[in-house]
Amino acid sequence: MFTHALTRALRKNKTLRYGVPMLLLIVGGSFGLREFSQIRYDAVKIKIDPELEEKLKMNKVSLESEYEKIKDAAFDDWKNIRGPRPWEDPQLLQGRNPEFLKTKTT
């Protein structure tokens with residue numbers, strides 16, 4: 001009888017019903033967030049192979065160098081070509097007229 005009354009009192013108590021799970025979520029989330037943020041710092045400590053690092057330094061591409069490549073290109077006569085849909089054959093679509101593209105291939 002005492003256990004029945006105790007469980008009924010615990011069910012009615014809003015602090016135990018809503019407050020304790022909320023506190024557990026906040027404290028547990030804090031520990032979980034600490035573990036996930038630690039991964040970021042551990043990843044910085046990993047050293048890259050010197051040979052790979054040298055290759056990465058040699059292949060630097062800057063925004064200015066890419067701009068110089070396309071600065072003099074003429075974009076006035078470009079043609080918009082739609083890519084094939086999953087049910088269409090890509091070899092049949094390239095170079096076809098727009099009327100053919102409107103019809104669904106089966």
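Quick note: residue numbers are just sequence positions, from 1.
- Counting heavy-atom neighbours within 6.0 Å of E51 CD, excluding the residue itself, gives a total of 12 or less.
- By the 6.0 Å contact criterion, CD on E54 is open, its count of non-hydrogen atoms from other residues, nucleotides or ligands being 12 or less.
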Could you pull out every donor-acceptor pair under 3.5 Å between side chains of residues 5-12 and any protein atom, sequence neighbours left out?
{"unit_1": "T7", "atom_1": "OG1", "unit_2": "T3", "atom_2": "O", "d": "3.1"}
{"unit_1": "T7", "atom_1": "OG1", "unit_2": "H4", "atom_2": "O", "d": "3.0"}

Counting only pairs under 3.5 Å, give me each side-chain donor-acceptor contact of residues 15-43, with atom names and distances, residues two or more places apart or in other chains.
{"unit_1": "S37", "atom_1": "OG", "unit_2": "L33", "atom_2": "O", "d": "3.1"}
{"unit_1": "S37", "atom_1": "OG", "unit_2": "R34", "atom_2": "O", "d": "3.1"}
{"unit_1": "Q38", "atom_1": "NE2", "unit_2": "D42", "atom_2": "OD1", "d": "3.2"}

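- With rounding to the nearest 0.5 Å, the separation of CG in L52 from NZ in K57 is 11.5 Å.
- In this structure, the separation between CD on E64 and CD on E66 is 10.5 Å, given to the nearest 0.5 Å.
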